Amino acid sequence: MPPNKEVKKVTTNTLQKMKSAGEKISMITAYDFSFAKIFDAAGVDVVLVGDSASNVMAGHETTLPITLDQMIYHASSVIRGIDRCLVVVDLPFGSYQSNSDIALASAVRIMKETGAHAVKLEGGEEVLESVGRIISAGVPVMGHLGLTPQSIYKFGTYAVRAQTEPEANKLKKDAKLLEKAGCFAIVLEKIPANLAKEVSESVRIPTIGIGAGKYCDGQVLVMHDMLGINTEFKPRFLRQYLNIHDQATKAVRQYIKDVKSKDFPNEQEQY
Ligand code: KIV
């Protein structure tokens, strides 16, 4: 599909200007062409091809199993549905932690093979060298602090992070380091609202919260959670805008009934 030249595209500069102007940034995950097209047309600012695809698309318990090849498949599908959003793609577990050469090679593959605009990776000081190398290669990087699902087995729980002073101090330091390294934004996941406020005020770049309260410069939700496709996950921070699970179940039950009763297809629905 040729790009729509009339559309004003969202860039990392746009997000920076939004923060400066006090305009909140909307971000949502997407993993395929059709939903990406809906979200882009609806006017969302950023689409994240999250490694949460591992959970919501592939049914894994954690984000760890998804591969770089699978992320590339999802991201290239999403990109074909986008006219104006900024598209950020998660570097999956194992594609950047070992060293900065591997991290850079993974980021380059994502940019080259998907046409996405930026990558996201989890962690602070530990991944700083990789962040620097990726940015030096011209690839915008979004950081991710707080609850970092790729480290779930290290922490052993999805509970709220950075509730102790040492953990909060590390997070504040990591945010400053990521900003200094050149990240264009930072996701803050499941941390106390007042800590997110402090971090958001201390860095020039936008913070995007998920379970991090109202003071972040933007918000992100996983599409399956906010659209009620997945109804089992009901954390306090989630606002569910639709119940696709129930609506789809009802629709499919009706379809089954119509087929069994020979009501579908009728005269008008055949050739
Ligand atoms: O993978 C993902 O969906 C994410 C969001 C929760 C921020 O990283």
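Here, residue 1 is the first one in the sequence, and each next residue gets the next number. The structure presented is a predicted model; accordingly, all values stated were derived computationally and were not measured. In each ligand, atom 1 is the first atom listed, and ligand 1 is the first ligand listed.
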Engineer: May I ask whether Met226 and Ile229 are part of the same hydrophobic cluster, defined by side-chain heavy atoms of I, L, V, M, F, W, Y residues being less than 4.5 angstrom apart, directly or through others?
Structural biologist: yes

Engineer: Within the protein, flag every N or O under 3.5 Å from an N or O of ligand 1, and note the pair and distance.
Structural biologist:
residue: ligand 1; atom: 1 (O); partner: Asp51; partner atom: N; Å: 3.2
residue: ligand 1; atom: 1 (O); partner: Asp51; partner atom: OD1; Å: 2.9
residue: ligand 1; atom: 1 (O); partner: Ser52; partner atom: N; Å: 3.1
residue: ligand 1; atom: 1 (O); partner: Ser52; partner atom: OG; Å: 3.2
residue: ligand 1; atom: 1 (O); partner: Asp90; partner atom: OD2; Å: 3.1
residue: ligand 1; atom: 3 (O); partner: Ser52; partner atom: OG; Å: 2.5
residue: ligand 1; atom: 8 (O); partner: Lys120; partner atom: NZ; Å: 2.9

Engineer: With under 30° as parallel and over 60° as perpendicular, where do the rings of His74 and Tyr31 fit, or are they tilted in between?
Structural biologist: perpendicular

Engineer: Apply side chain to side chain donor-acceptor pair (under 3.5 Å) to Glu198 and Asn194, showing your working.
Structural biologist: CA-CA 6 Å; Glu198 210 183 312; Asn194 281 334; over 6 Å; no

Engineer: Decide if atom CD of Glu165 counts as having more than 12 heavy atoms of other residues, nucleotides or ligands within a radius under 6.0 Å.
Structural biologist: no

Engineer: Just to verify, which of Thr148, Val160, Ile210 counts as forming a side chain to side chain contact (heavy atoms under 4.5 Å, CB included) with Lys190?
Structural biologist: Val160

Engineer: Do the side chains of Leu178 and Leu128 get nearer than 4.5 Å, heavy atoms only?
Structural biologist: yes

